[in-house]
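Throughout, protein chains are lettered first and strands after them, A, B, ... in sequence-line order, and every chain is numbered starting at 1. Computation of the quantities below employed the complete heavy-atom set of this structure, encompassing side-chain atoms and omitting hydrogens, waters and symmetry-equivalent molecules.
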There are 2 protein chains.
Amino acid sequence: MDVLLKFKLNEHLYLRDPETSEVGKAIVNNAIELIHEVGFEQFTFKKLAQKIDSTEATIYRYFSSKYKLLTYILNWYWCYLEFVAKMRLQQIVDPVEKLRLMLRIIMHDEEVVSRVQDYNLEKLHSIVIAESSKAYLVKEVDEINQEKVFSPLKSLCHFIQEIILELNPDFDYSRSLASTLLETAHDQQFFSEHLPSLTDNTARLDHRKYVFNYLNKLAFSVLK
Amino acid sequence: MDVLLKFKLNEHLYLRDPETSEVGKAIVNNAIELIHEVGFEQFTFKKLAQKIDSTEATIYRYFSSKYKLLTYILNWYWCYLEFVAKMRLQQIVDPVEKLRLMLRIIMHDEEVVSRVQDYNLEKLHSIVIAESSKAYLVKEVDEINQEKVFSPLKSLCHFIQEIILELNPDFDYSRSLASTLLETAHDQQFFSEHLPSLTDNTARLDHRKYVFNYLNKLAFSVLK
DNA sequence: TATAAATAATAGTATTACTATCACAAAAAT
DNA sequence: ATTTTTGTGATAGTAATACTATTATTTATA
């Protein structure tokens, strides 16, 4: 099943909305491919322009820098995760089951929608794991934050927080636990793949399954 | 009290050992100042050369890239943390007290040694929070890891893991919990300062104290 | 059909991340 | 005491990056 998901993303992220033209869509699409391929440090607008058979100048008409483009992609992802979570959790009443499914969704443990808006979700997920912290671990974080470009992330964390509070209304660290679960999902997946001695996935099993089990242990121990 | 701590750091990190000359020490020292000041992205060898009244070429004789220099600094920090932890935990027998003190050490909650080897520990700690993940969140992580430059980090995590196992020998995720505590200490401190709505430090109290309390809650709930 | 908007092509600048060469001074070896 | 080695500073240069500006051409819209 193919589906087209559009989210109204923050206008500070782009100069011209890439959703409104073919070149724009090609930029975002191929940026995901290219960042996945070469990593964010080696990713340049010149290489991206070559990939889409266009010029740097054209890309600069959409995004003022590669950081903005990365943040745009991450914004789309955070909106996507919250949307999918809201859809799938709607029918579930048991908060334990809710949190478990939420963790499964964070981990991309099963694919409901395989192709969305022509974005490759697998590659997008890899980018989120390896590059997402680079969007905010910068000197200008406070100015960027003022432009409200992190509100989809905050909104997603808030959604997770609400599940946490359903499970344990007296828990004093619901926000921190929500952001910790999200960050730890990324860290531990990266460690499991590249620095395995920092994890207990010694059998080198499926990284997702391992991290999913660990996150469950973590979350439910803390909330019990 | 001033103290000089020297650690034998991995030879793959430098071309010439900066400990062996005044310029070398000035490079590392001022790199900490400069990265703290402008952030790793804006940090260049040209700016560093100006700061120490020398030339780019001189710095390149010590470090082949700014990534290597960052990793060198982080290596020193990881060695330092493990050393301090081993010293301070030696007399303590109660594993609960051990873990609590370990978390306090991770958070730099109290300063025993204020100036070490002329490195500014406060600035070093800020760098660790904001920049440490950039040392391994790169495409070349596997090649870099083969050079053993992350072994001080692994060793530090292993030390924390042992405390965890003392507390709960049957715990299945001692390594992951160790790395999670370290990473979460950084994330949550950064969030508390710059994206506070991702934490529960709503009173905007002392970030360290807040994160320290949160880590305690996390660790001891999971291990109970 | 006229007009406006978006794009490709081209050119150019400042900065970055290096590499290479050479001369000089200090330290070490003979 | 004087060679030799070593580290440093000064200078120069290159390829790549991160942009900005200009113009001609295509495409969409009135």
Side-chain angles (χ1 to χ4, degrees), chain A residues 11-31 33-35 37-73 131 134-135 137-140 143-144, chain B residues 11-31 34-35 37-73 131 134-135 137-140 143-144 147:
Chain A
E11 293 184 3
H12 291 289
L13 288 169
Y14 50 78
L15 301 172
R16 186 188 306 285
D17 186 352
E19 292 294 324
T20 61
S21 78
E22 286 310 308
V23 213
K25 287 175 204 162
I27 289 171
V28 178
N29 241 306
N30 287 272
E33 300 283 324
L34 192 53
I35 294 173
E37 195 182 320
V38 301
F40 186 64
E41 283 73 27
Q42 306 304 318
F43 168 78
T44 66
F45 278 4
K46 186 159 214 160
K47 289 177 188 163
L48 180 56
Q50 281 164 358
K51 206 175 170 82
I52 64 170
D53 253 310
S54 181
T55 62
E56 275 183 279
T58 301
I59 299 169
Y60 274 107
R61 251 181 250 111
Y62 287 86
F63 296 100
S64 61
S65 74
K66 68 175 191 171
Y67 279 88
K68 281 283 165 84
L69 177 45
L70 174 65
T71 312
Y72 179 92
I73 291 169
E131 324 285 5
K134 295 170 192 170
L137 289 180
V138 292
K139 215 58 194 176
E140 314 80 30
E143 293 85 59
I144 299 173
Chain B
E11 292 185 3
H12 290 288
L13 287 170
Y14 50 78
L15 301 173
R16 185 190 307 284
D17 186 351
E19 292 295 324
T20 62
S21 78
E22 287 309 309
V23 212
K25 287 175 203 163
I27 289 170
V28 178
N29 241 306
N30 287 272
L34 192 54
I35 294 174
E37 194 182 320
V38 301
F40 187 64
E41 283 72 27
Q42 305 305 316
F43 168 78
T44 67
F45 278 4
K46 185 158 213 161
K47 290 176 189 164
L48 180 56
Q50 281 164 0
K51 208 176 168 80
I52 64 170
D53 253 310
S54 180
T55 61
E56 276 182 278
T58 299
I59 300 169
Y60 274 107
R61 258 182 239 113
Y62 286 87
F63 295 101
S64 62
S65 73
K66 68 176 190 171
Y67 279 89
K68 282 283 165 84
L69 177 46
L70 174 64
T71 312
Y72 179 92
I73 291 169
E131 324 286 3
K134 294 170 192 169
L137 289 182
V138 291
K139 215 56 194 178
E140 314 81 31
E143 293 85 60
I144 299 174
E147 293 179 344

Student: With sequence neighbours left out, write down each residue that passes ring-ring contact (aromatic ring centres under 6.0 Å, His included) with B:Phe43, or none if nothing qualifies.
Tutor: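 If we apply the ring-ring contact (aromatic ring centres under 6.0 Å, His included) test to B:Phe43, skipping adjacent residues, there are no hits.
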Student: Take atom CD of B:Gln50 and atom P of D:dT11, then tell me their distance rounded to the nearest Å.
Tutor: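 Spelled out: CD on B:Gln50 to P on D:dT11 is 14 Å.
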Student: Identify the pairs formed between an N or O of the protein and an N or O of nucleotides 12-20 of chain D at a distance under 3.5 Å, and give each distance.
Tutor:
| unit_1 | atom_1 | unit_2 | atom_2 | d |
| --- | --- | --- | --- | --- |
| D:dC19 | O5' | A:Tyr60 | OH | 3.0 |
| D:dC19 | N4 | A:Glu56 | OE1 | 3.3 |

Student: Not counting sequence neighbours, which residues clear side-chain contact (heavy atoms from CB on, under 4.5 Å) with A:Thr20? List them please.
Tutor: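 If we apply the side-chain contact (heavy atoms from CB on, under 4.5 Å) test to A:Thr20, skipping adjacent residues, the hits are A:Asp17.
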Student: Rounded to the nearest angstrom, tell me the gap between atom OH in B:Tyr62 and atom P in C:dC18.
Tutor: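 Distance check: B:Tyr62 OH to C:dC18 P gives 19 Å.
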Student: Would you say D:dT11 has OP1 or OP2 under 4.0 Å from some side-chain N or O of B:Thr55?
Tutor: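 Checking D:dT11 against B:Thr55, no side-chain N or O comes under 4.0 Å of OP1 or OP2.
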Student: Let me confirm one number: the CG-CD1 distance from B:Asn29 to B:Ile52, rounded to the nearest 0.5 Å.
Tutor: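 Going from CG on B:Asn29 over to CD1 on B:Ile52, the span is 10.5 Å.
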Student: Using the test side-chain contact (heavy atoms from CB on, under 4.5 Å), find all partners of A:Lys68 that sit at least two apart in sequence or belong to another chain.
Tutor: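 Partners of A:Lys68 under the side-chain contact (heavy atoms from CB on, under 4.5 Å) test: A:Ser64, A:Ser65, A:Glu147.
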Student: Whole angstrom is fine here: how far is it from CD in A:Glu22 over to P in C:dA5?
Tutor: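 A:Glu22 atom CD is separated from C:dA5 atom P by 21 Å.
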Student: Tell me, please, which residues at least two apart from B:Lys46 pass side-chain contact (heavy atoms from CB on, under 4.5 Å).
Tutor: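 Counting only residues at least two positions away or on another chain, B:Lys46 forms a side-chain contact (heavy atoms from CB on, under 4.5 Å) with B:Thr44, B:Gln50, B:Glu56.
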Student: Listed by chain and number, what are the ring-ring contact (aromatic ring centres under 6.0 Å, His included) partners of B:Tyr14, not counting sequence neighbours?
Tutor: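 Residues passing ring-ring contact (aromatic ring centres under 6.0 Å, His included) with B:Tyr14: none at all.
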Student: Starting at atom CZ of B:Phe40, determine the distance to atom C1' of C:dT16, rounded to an integer number of angstrom.
Tutor: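 Interatomic distance, CZ of B:Phe40 to C1' of C:dT16: 13 Å.
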Student: Nearest whole angstrom, please: distance from the C1' of C:dA6 to the CD1 of A:Ile27.
Tutor: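 A:Ile27 atom CD1 is separated from C:dA6 atom C1' by 12 Å.
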Student: Measure the distance from CD1 on B:Ile59 to P on C:dT16 and round it to the nearest whole Å.
Tutor: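 Distance check: B:Ile59 CD1 to C:dT16 P gives 13 Å.
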Student: Among residues at least two apart in sequence or on other chains, which ones pass side-chain hydrogen bond (donor to acceptor under 3.5 Å, both in side chains) with B:Lys134?
Tutor: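 Applying side-chain hydrogen bond (donor to acceptor under 3.5 Å, both in side chains) to B:Lys134 gives B:Glu41, B:Glu131.
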Student: Given D:dG9, is OP1 or OP2 found less than 4.0 Å from the side-chain N or O atoms of B:Thr58?
Tutor: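 The answer is yes; a side-chain N or O of B:Thr58 sits under 4.0 Å from OP1 or OP2.
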Student: Mark up nucleotides 25-30 of chain D, 5' to 3', with B wherever a protein heavy atom is under 4.0 angstrom from a base atom, S wherever such an atom reaches only the sugar-phosphate, and - elsewhere.
Tutor: ------
Student: Below the 4.0 Å mark, does D:dG9 have OP1 or OP2 next to a side-chain nitrogen or oxygen of B:Ser54?
Tutor: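 So the side-chain polar atoms of B:Ser54 do come within 4.0 Å of the phosphate oxygens OP1 or OP2 of D:dG9, strictly under.
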Student: What's the CZ-P distance between B:Arg61 and C:dT21, to the nearest Å?
Tutor: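 It is 13 Å, rounded to the nearest whole Å.
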Student: How many Å lie between CG on B:Leu69 and C1' on C:dC18, as a whole number?
Tutor: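 Interatomic distance, CG of B:Leu69 to C1' of C:dC18: 15 Å.
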Student: Just wondering, are more than 12 heavy atoms of other shown residues or ligands nearer than 6.0 Å to CD in A:Glu140?
Tutor: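 Correct, the count exceeds 12.
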Student: Holding to side-chain contact (heavy atoms from CB on, under 4.5 Å), I want the full list of residues that pass it with B:Ala49, two or more places apart in sequence or in another chain.
Tutor: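 side-chain contact (heavy atoms from CB on, under 4.5 Å) list for B:Ala49, sorted by chain: B:Ile59.
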